[in-house]
Amino acid sequence: DNTARPSKLRPPTARELQYLERASRLDREAQDLWWQRRIVDVEGKYREALRCRETALGADHPDVGYSLIRLARLYWSMDRHREASAMHRRAIGILERHLPAADPDLAEAMWELGGFFHIRGDYRLAHPLMLKAMAVFEKTPGNRTKMLQRRAAYAAVLGELGRGEEA
């Protein structure tokens, strides 16, 4: 679960807990608004949730990374690719500093960004992200159907890069 968690370094203050509770509430509200297709309102909620987490946890906390990913997904859906890519990359950087290289959450973040690049036809950017993610997914027990789909997507990227023999 990628909900807000206080820092392990010290117990959160009462004020920080308020910020984290507010961030979680804003995320839930944003999800409801997304289903209602009120995208402008979703952006405001996700931006405020991000600000709350940065205030309570600092800018380099994994929960800030997860907040960035939620906002990046929104921006991808709005065709705001430059902003989405920047946020997704920042999130991955944060997660790389705090999670082991073989962590499934980190792999999912890389796979997702690689997938967005794949959809946009930017195979050179998609490849290294998908390669790192696949290395983790291959070692992680999971859904067989999902792995088949991932292998097919990765093979398509290799094919587009002229590396069909590897696919």
Side-chain angles (χ1 to χ4, degrees), residues 1-117 119-120 125-126 128-143 146-147 150:
D1 180 63
N2 296 336
T3 57
R5 295 176 294 279
S7 170
K8 294 179 183 175
L9 300 176
R10 62 170 175 73
T13 66
R15 183 78 172 143
E16 289 168 340
L17 282 174
Q18 287 175 337
Y19 276 114
L20 296 175
E21 288 169 9
R22 178 170 167 76
S24 293
R25 183 177 45 78
L26 288 163
D27 283 339
R28 287 189 303 275
E29 290 171 8
Q31 289 171 345
D32 290 341
L33 291 168
W34 194 315
W35 286 107
Q36 297 170 27
R37 303 227 189 278
R38 293 175 49 195
I39 301 302
V40 173
D41 297 326
V42 172
E43 180 181 9
K45 299 284 184 185
Y46 277 158
R47 280 200 164 281
E48 180 64 15
L50 173 62
R51 189 190 66 73
C52 288
R53 286 192 178 94
E54 286 176 326
T55 300
L57 302 168
D60 193 52
H61 190 279
D63 288 345
V64 170
Y66 297 125
S67 245
L68 287 163
I69 288 171
R70 282 187 284 278
L71 196 51
R73 286 177 186 146
L74 175 67
Y75 287 165
W76 286 114
S77 76
M78 296 168 71
D79 291 328
R80 292 168 62 179
H81 299 156
R82 181 173 288 133
E83 292 167 279
S85 177
M87 288 194 169
H88 225 122
R89 287 178 187 274
R90 180 178 163 213
I92 289 170
I94 291 169
L95 296 179
E96 283 179 319
R97 286 188 290 279
H98 294 279
L99 301 176
D103 188 280
D105 283 348
L106 177 57
E108 284 292 342
M110 289 180 176
W111 181 262
E112 188 172 280
L113 180 56
F116 286 122
F117 287 142
I119 290 167
R120 290 187 50 219
L125 290 176
L129 292 161
M130 294 175 90
L131 177 65
K132 285 182 183 178
M134 285 299 292
V136 174
F137 295 148
E138 293 289 350
K139 295 176 185 172
T140 305
N143 184 322
K146 194 172 192 176
M147 277 307 298
R150 287 182 170 157

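Sequential numbering from 1 along the given sequence is applied to the chain's residues.
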Exercise. Not counting sequence neighbours, which residues clear side chain to side chain donor-acceptor pair (under 3.5 Å) with E96? List them please.
Key: none
Rounded to the nearest 0.5 Å, what's the gap from [atom1] on [X] to [atom2] on [Y]? Could you check?
{"X": "I94", "Y": "L99", "atom1": "CD1", "atom2": "CG", "value": "10.5 Å"}
{"X": "L26", "Y": "R28", "atom1": "CG", "atom2": "CZ", "value": "9.0 Å"}
{"X": "C52", "Y": "R22", "atom1": "SG", "atom2": "CZ", "value": "5.0 Å"}
{"X": "L50", "Y": "L68", "atom1": "CG", "atom2": "CG", "value": "5.0 Å"}
{"X": "K146", "Y": "F137", "atom1": "NZ", "atom2": "CZ", "value": "7.0 Å"}

Nearest heavy-atom neighbours spanning [X] and [Y]:
{"X": "A59", "Y": "V64", "result": "O-CG1, 3.7 Å"}
{"X": "V136", "Y": "A101", "result": "CG2-O, 3.5 Å"}
{"X": "A133", "Y": "M110", "result": "CB-CB, 4.3 Å"}
{"X": "R53", "Y": "S24", "result": "NH2-N, 3.8 Å"}
{"X": "A91", "Y": "I69", "result": "CB-CG1, 3.5 Å"}
{"X": "A56", "Y": "E16", "result": "O-OE2, 3.4 Å"}

Quiz item: Considering residues at least two apart in sequence or located in another chain, which fulfil the side-chain contact (heavy atoms from CB on, under 4.5 Å) criterion with R15?
Solution: T13, Q18, Y19
Practice problem: Could you list the residues that satisfy side-chain contact (heavy atoms from CB on, under 4.5 Å) with F116, not counting sequence neighbours? | Solution: W76, H88, E112
With sequence neighbours excluded, what pairs up with [X] under the salt bridge (charged side-chain N to carboxylate O under 4.0 Å, His left out) test?
{"X": "R97", "value": "D60"}
{"X": "R47", "value": "E43"}
{"X": "E83", "value": "R80"}
{"X": "D103", "value": "none"}

Output side-chain donor-acceptor pairs under 3.5 Å for residues 29-37, partner residues at least two apart or in another chain, one line each.
unit_1: E29; atom_1: OE1; unit_2: K45; atom_2: NZ; d: 2.7
unit_1: E29; atom_1: OE2; unit_2: R25; atom_2: NH1; d: 2.9
unit_1: Q36; atom_1: OE1; unit_2: R38; atom_2: NH1; d: 3.3

Practice problem: Assess whether side chain to side chain contact (heavy atoms under 4.5 Å, CB included) is satisfied between Y46 and D27, documenting all intermediate values. | Solution: CA-CA 6 Å; Y46 277 158; D27 283 339; 3.5 Å; yes
Quiz item: Under the side-chain hydrogen bond (donor to acceptor under 3.5 Å, both in side chains) rule, what pairs show up with a residue in residues 133-142, not counting sequence neighbours?
Solution: E138-R151
Exercise. In plain terms, say whether R51 and E54 are close enough for a salt bridge, that is, a side-chain N and a carboxylate O under 4.0 Å apart.
Key: no
Practice problem: State, yes or no, whether a side-chain contact exists between D63 and L20 at a heavy-atom distance under 4.5 Å. | Solution: no
Quiz item: Any side-chain heavy atom of S85 within less than 4.5 Å of one from Y75?
Solution: no
Quiz prompt | Qualifying residues under ring pair (Phe, Tyr, Trp, His ring centres under 6.0 Å), relative to H98, sequence neighbours excluded | solution = none
